[in-house]
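Written below as structure tokens is the structure these notes are about.
Numbered from 1 within each chain, the chains take letters A, B, ... in sequence-line order.
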Amino acid sequence: MGSVEQLHETVRDAAATLVGDSAVARAVKLERPPRAELGDYSTNAALLLAPKLGLPPRDVAQTLAIELGSRLGSVLARTEVAGPGFLNLFLSDQWLAAALGGVLEAGDRFGAAEKAAAARIDVEFVSANPTGPLHIGHARGAAYGDALSRLLAFRGFEITREFYINDYGSQVRKLGESVAAIARGEPVASDGYHGDYVATLVPAERALQLDIDELSREALAACLEQIRASLERFGVRFDVWFSERSLHESGAVERVLERLAANGESYRSEGALWLRTSTHGDDKDRVLERSDGDTTYFASDIAYLEDKRSRGFDRMIYVWGSDHHGYEARMKSACAALGGDPETVELIALQFVHLVGGGGARVAMSKREGEYVTLDELVEQVGVDAARYFLLARSHDTTVELDSDLAVSRSADNPVYYVQYAHARIASLLAKLGSDRVEEALGEVAPVPSLHPSERALLKRLLAFPADLEDAAERRAPHRVATAVLDIAQQFTAFYRDCHVVGAKPRASESLRIALALATQRTLAISLGLLGVSAPDRM
RNA sequence: GCCCUCGUAGUCCAAUGGACAAGACGGCCGCCUCCUAAGCGGCAAAUCCAGGUUCGACUCCUGGCGGGGGCACCA
């Protein structure tokens with residue numbers, strides 16, 4: 001009986017015994033009450049069981065308390081029935097000490113999960129057009145996709161991170177033409193690419209020697225390399241860089257169109273080839289091949305999806321901008337048309353990052369005007385840690401406001417420093433004690449006569465961490481990790497204020513506090529690691 | 001017009017059916033002979049509107065209002 005999960009299971013079992021129905025019991029929750037005086041944990045079991053039993057919820061809670069008392073014995077210090085029928089549980093210090101032991105035993109895997117079912121997941125993110133530098137919106141996609149990948153990997157999934165390179169359409173030639181124009185000292189066409197970066201892609205003398213196809217390819221490769229380097233500096237790496245062009249050159253697009261036709265999923269009309277996505281829940285059918293014979297972007301997407309499927313992924317996650325959320329239905333439809341389960345395709349639409357100027361006025365981000373903040377600028381100005389935390393602290397479905405003028409000063413206010421500071425403080429504290437004393441303390445974790453409320457609060461906060469990660473992973477919500485780590489740092493700071501560690505009497509109390517500090521440090525480091533933020537020992 | 005999404009303190013935002021809505025910034029008042037003041041304590045301040053479901057709603061449903069996005073044989 002050393003973990004919250006086991007405690008939860010016991011509560012479920014007790015509830016199932018009362019009602020004789022395990023289905024209802026599965027919905028029983030074990031929660032942390034909003035205030036410490038309401039107990040260490042509480043359960044809503046009685047509120048759920050009361051209608052089944054035809055009894056008042058508070059009476060059911062009382063019966064449940066007796067049942068739990070006999071199952072838990074001395075683990076349960078006392079119970080209270082509260083409000084409409086909550087049962088509040090007060091746990092013994094023995095249980096808490098044992099739970100801390102469990103945290104220490106887990107080490108840097110605290111909160112991790114064993115290999116999950118349907119474990120292989122492909123996460124595609126960023127996938128920016130390789131025709132210009134990454135901007136702030138891509139930064140959000142990069143931070144999110146990377147943090148989600150780290151989180152899912154920690155929770156037992158086998159993750160492949162993938163970047164889809166749009167190197168096939170007309171924009172490639174436009175990039176080449178823009179480079180050529182600059183090399184010749186001519187103005188760039190109005191629909192070309194205008195940023196200063198264009199001149200840096202291919203040296204002018206070389207640009208003048210190449211034909212437009214070669215030049216376009218070289219310019220694109222150079223641009224892609226800049227993107228890769230920017231992401232690397234931001235702490236983001238990909239396992240697979242997948243070329244759209246390769247899907248055409250290998251015949252994969254052609255093959256998938258043939259296959260869809262053979263399955264009766266496509267038809268010709270008005271000179272074009274259409275996919276029957278509407279039979280799989282889309283609003284209307286979509287064009288695969290235009291009447292001029294060119295295949296559409298959608299056709300490439302399907303060939304790419306089929307390639308992913310053939311590589312054996314159980315699930316394909318696409319992290320796209322919110323301007324693509326209308327694509328969800330057609331991508332799921334395409335999966336169904338290929339004979340797959342549409343539920344294995346998951347689209348996550350990230351809301352935009354809005355740039356706001358000094359007066360709070362919204363600034364339009366336009367590549368044409370050069371009015372945008374690049375990922376490189378963001379990293380240069382606020383640093384990787386502050387940038388990543390800022391972008392990851394918000395839910396993916398809320399728009400983020402970024403004040404361009406305050407980007408630098410805002411960094412000092414970033415809560416990430418508060419978290420890092422707590423981590424550094426613990427490192428300093430443990431260094432002061434010496435590794436021998438810390439080692440000894442870990443072997444001496446035992447119940448102490450009376451835990452200080454701040455010790456208790458910090459420990460319970462740590463114990464909630466695995467469930468935080470489980471929720472965050474299930475909901476694809478790495479911002480919950482950011483929320484949790486800040487909360488843990490705050491609980492630690494309160495503990496640090498109230499409970500002197502070095503020299504605490506009796507020795508058992510000092511040992512427990514050392515163990516608690518170490519467990520906190522590890523939890524902070526794990527969380528920061530999942531966010532891609534460093535955990536410094538000194539600040 | 002239709003579809004999706006979001007509306008929470010002055011500002012940025014958390015809370016996906018639980019108890020008195022969390023935190024940060026900004027504001028006001030206080031705190032370094034004390035394991036890091038990048039810190040600590042205190043005060044003021046919020047669920048867009050109207051119905052509904054529920055023992056219980058920021059959360060779910062209906063209808064409004066407001067912001068953003070999408071409704072191509074563009075990529």
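Here the separation of B:C43 from B:A22, taken at their P atoms, is 13 Å to the nearest Å. Separating the C1' atom of B:A57 from that of B:C3 is a span of 26 Å, rounded to the nearest Å. Comparing the P positions of B:G41 and B:A24 gives an interatomic distance of 9 Å, to the nearest angstrom. Here, B:C60 and B:G17 have their P atoms 8 Å apart, quoted to the whole Å. Using C1' as the reference atom, B:G10 and B:G39 are 26 Å apart when rounded to the nearest Å. Comparing B:C65 with B:A46, their P atoms are spaced 27 Å from each other, to the whole Å.
Counted within 6.0 Å of CZ on A:R437, heavy atoms from surrounding residues, nucleotides or ligands total more than 12; the atom is thus considered enclosed.
At a threshold of 4.0 angstrom between heavy atoms, the contacts of A:A50 with the nucleic acid are absent. Counting non-hydrogen atoms under 4.0 angstrom, A:G83 reaches nothing in the nucleic acid. Contacts of A:D537 with the nucleic acid, taken as non-hydrogen atoms under 4.0 Å apart, include base atoms. Residue-level contact check: A:P57 touches neither bases nor backbone, having no heavy atom under 4.0 Å from any strand. Heavy atoms of A:L486 sit under 4.0 angstrom from primed sugar atoms or phosphate atoms, though from no base atom. Heavy atoms of A:S291 sit under 4.0 angstrom from at least one base atom. Here A:R286 lies out of heavy-atom contact (under 4.0 Å) with every strand. Note on A:A329: nothing from the nucleic acid sits closer than 4.0 angstrom, heavy atoms only. Residue A:Q420 is classed as having no contact, given no heavy-atom separation below 4.0 Å to the nucleic acid. Residue-level contact check: A:N44 touches the bases, meaning some heavy atom is under 4.0 Å from a base atom.
A glycosidic torsion no more than 90° from 0 defines the syn conformation; B:C65 lies beyond that range and is anti.
Within the cation-pi definition used here (under 6.0 Å to the ring centroid, within 45° of the axis), A:K308 qualifies as a partner of A:Y318.
In this structure, A:V400 and A:Q351 have side chains that are not in contact, with every pair of non-hydrogen atoms separated by 4.5 Å or more.
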Name each donor-acceptor pair under 3.5 Å that joins a side chain in residues 28-36 of chain A to protein atoms two or more places apart or in another chain, with its distance.
from  : atom 1 : to    : atom 2 : distance (Å)
A:R35 : NE     : A:E37 : OE2    : 3.2

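Partners of A:Y164 under the ring-ring contact (aromatic ring centres under 6.0 Å, His included) rule, at least two apart in sequence or in another chain, are A:Y304. In terms of the ring-ring contact (aromatic ring centres under 6.0 Å, His included) criterion, residue partners of A:F163 (sequence neighbours excluded) are, by chain and number, A:F238, A:W241.
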Report summary line: Once base and sugar-phosphate atoms are separated, protein heavy atoms under 4.0 Å mark nucleotides 6-15 of chain B, 5' to 3', with B, S and - as S-----SSSS

Requested in this report: For nucleotides 25-32 of chain B, just jot down a letter per nucleotide in 5' to 3' order: B, S or -, based on protein non-hydrogen atoms under 4.0 Å.
Outcome: --------

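Side-chain N/O atoms of A:Y496 include none lying less than 4.0 angstrom from OP1 or OP2 on B:A37. Dashed line: the shortest gap from a side-chain N or O of A:K29 to OP1 or OP2 of B:G18 is under 4.0 Å. For B:A37, the OP1/OP2 oxygens have a side-chain nitrogen or oxygen of A:R425 closer than 4.0 Å.
Stacking between A:H500 and B:C34 is absent: the ring centroid is not both under 5.5 Å from the six-membered base ring centre and under 30° in plane angle. Ring-to-base geometry places A:F86 in a stacked arrangement with B:A19 (centre distance under 5.5 Å, plane angle under 30°).
Listed nucleotides B:A38, B:G70, B:C20 differ in distance to A:D323; the shortest reach to its side chain belongs to B:G70. Set against B:C40, B:C35, B:G68, the side chain of A:L429 has B:C35 as its closest nucleotide.
With salt bridges taken as basic N to acidic carboxylate O contacts below 4.0 Å, none links A:D487 and A:R480. With respect to the salt-bridge test (charged N to carboxylate O, under 4.0 angstrom), the residues A:R173 and A:D213 qualify.
Paired runs in RNA chain B that reach 3 or more consecutive Watson-Crick or G-U pairs, where each pair keeps both distances under 3.5 Å, cover B:1-7 with B:65-71, B:10-12 with B:23-25, B:27-31 with B:39-43, B:48-52 with B:60-64.
Side chains of A:E270 and A:S291: no donor on one and acceptor on the other come within 3.5 Å.
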